[in-house]
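By convention in this document, chain letters (A, B, ...) are assigned in the order of the sequence lines, proteins followed by strands, and residues within each chain are numbered from 1. Everything numeric here is computed off the predicted structure, so don't read it as measured data.
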Amino acid sequence: MKTILAVDDSATIRQMVAFTLQGAGYEVVVAGDGVDALKQIAGRHVDMIITDLNMPNMNGIELIRQVRSLAPYKFVPILLLTTESAPEKKQEGKAAGATGWIVKPFDAPQLVATVQKVMR
Amino acid sequence: MLASLRSAFQAEAADLLNELDSSLLQLEANPADGEIIHRVFRAIHTLKGSGATVGLERLSRFAHRVEEVFDAARDGKVEVTPELTDLALRACDLLRVFLADADSTPDLESGTEQQLVTALKAFVKTETPAAPAVQAAGPAVAASLQRSYRIRYTPGLRMLFSGNDPVVLLTELCALGSAHVTAHTDSLPALEDLDPEQCYVWWEIELFSQASDETIREVFVFVADECSVEIQKGETDNRGPGPVRVSSRDFESFYCEAEEHLQVIEECLLQLEKTAATPSDLAELFRRLHSLKGASALLLGESGDLAPRHPLRFLHQLAHAAEALVEQQRDGNGSAAGQMGNAQVDNTQIGNTLFDVSAAMRRLLECIDENRHADLDPELLRRLGIAISAPKAETPRDAKQIAFVETAGQCLENMRTCFARLQAGEQDAAVGATYQRAIETLGSACQYAGMDKLRAQLREHKAALEAAAVVGALPGRWNTWSSSWTERSS
């Protein structure tokens, strides 16, 4: 079973993502910001990361950069949560090493579809 | 789940709003402090996003208004003034109201909402944001058109480093229809220069699918800027997938034309139901059927090797038969029941037949469009057969001939069914036996009706069958034989 790390400073989003992806057959771990996320993956391996952009302590872009510098995470799919009014963030994310993005607000089917789009 | 999400949101939102209050008060005292502005922005932004996620549209929409202003503020486009912070604090109060009443009725506080929204908007110079590009309207032809594509996908060298996997992409592409994928390794460098983490392979995909151009591009949406994707709509390769192979480019124009003809035909027929047929009505009907026949013949010619029971062939047959029928009516000035002998053909029957023909042709067009096989109603064929064979010949049909046509029709139908089953792989001896029997019966009927040439042909066919049965294959000459038969049977 694949494990997905969901990183977002909003408890609501974390809960929704966890619930949706668990329902789709994934194991989910959560983190509240970039620092927390790095701690999580130091403890266990995850197969995919979904992260928000704006977070305290360490934002999404910085998290992606740091994750990509870790050998086991060179090729792991990473999705960025972004708003449609910030198209340049998609490019910034890609430049930092993100695989793709999900536009907020999103619903459960969209989330699952995008996850399945980038991960076998 | 929604209830628990909502309550989680209530807690989170309450915290955010408190934080907002204090930040705004701080901002009042330090209007130029970028850090505080940023904090305010982030809190509203989160509120907006989470609110939308739990379905609190009104709250989210209103939060968006506030966020807009502070987004501009953190970019330096808007100056933070006491009016703004005051406005923002009032906005927070309203957000609390929305939060408290999750199913807020539209009337609730709408006056206040309006006021605040207007005031907020005034802070932001209204540049109408570019409306999201509306999807271009699809082509006039039915969206369920099967198309053939040739796609060349060349990933960027460093594609893998963003966590994208070409195999996952190709799998997604292939799921759109039926596809044939070829990998090309000509760009691979020598081993000593090869970096195993870079992607040197490119792919060619022949895709047969109902998907549109946009859907295909959508597959590559995450990698579009770092790889090249060329999409060509192409001729269907005869080796390509799909049971019904019609060149898609030609089909589009044929479909439009056929649709138009059918429409006029149907209108004519409806008209003729009410009033007697005038020569010009019949002429128009004839012209349309003639054109339809011609167009389908043209497409048949350009489509290469289509299956014997391809709906396009049937369409052509029907158009041909109906055209002959109408031609008779046009030239013979309506029914002349006396001439028909025992075959009772009159205007009503012809009208009904033509109606059935046009309905059948419509169905066939759909089948071609949706890439399905089709079957023709044998009864309709028989009716057309009888109707056509009504005298052009001056000699009235005698009972013998009628009986022959009946029997022959039945045999033909049996043979056709058996052949289809045999062709589909059913190796049932009973099916083969039925087929043999039908041939035999047909042979006797030919003898009875004095149709020696046909009888000879049948004997040939039977011999070929027997020979093929020994070898284990079926002759493919059925279609040419049966269409020549249909012509001759009049």
How are the rings of [X] and [Y] set relative to one another: parallel (under 30°), tilted (30 to 60°) or perpendicular (over 60°)?
| X | Y | value |
| --- | --- | --- |
| F75(A) | F161(B) | tilted |
| H38(B) | F41(B) | tilted |
| F222(B) | W101(A) | perpendicular |

Establish, from distance only, whether the side-chain atoms of S50(B) and T53(B) form a donor-acceptor pair under 3.5 Å.
no

Determine whether the side chains of N59(A) and R42(B) contain a donor N or O and an acceptor N or O closer than 3.5 Å.
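No.
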
Is it the backbone or the side chain of L79(A) that comes under 4.5 Å from a heavy atom of chain B, or both, or neither?
side chain

Please state whether the side chain, the backbone, both or neither of V118(A) comes within less than 4.5 Å of a heavy atom of chain B.
both

Toward chain A, the part of [X] with a non-hydrogen atom under 4.5 Å:
| X | value |
| --- | --- |
| E68(B) | neither |
| D71(B) | neither |
| V167(B) | side chain |
| D165(B) | side chain |

Is a salt bridge present between E214(B) and R217(B), judged by a nitrogen-to-oxygen distance below 4.0 Å?
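A salt bridge is absent here (no side-chain N lies under 4.0 Å from a carboxylate O).
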
Yes or no on salt bridge (charged side-chain N to carboxylate O under 4.0 Å, His left out) for E197(B) and R158(B), after CA distance, side-chain angles and deciding distance?
CA-CA 8 Å; E197(B) 293 179 339; R158(B) 297 188 56 80; over 6 Å; no

Look at P56(A), P105(A), A98(A) and state which one has the largest set of heavy-atom pairs under 4.5 Å with chain B.
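It is A98(A).
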
Most contacts with chain B, counted as non-hydrogen pairs under 4.5 angstrom, among K104(A), M119(A), K117(A)
K117(A)

Only pairs of heavy atoms separated by less than 4.5 Å count here; which of A11(B), G163(B), A13(B) has the most with chain A?
G163(B)

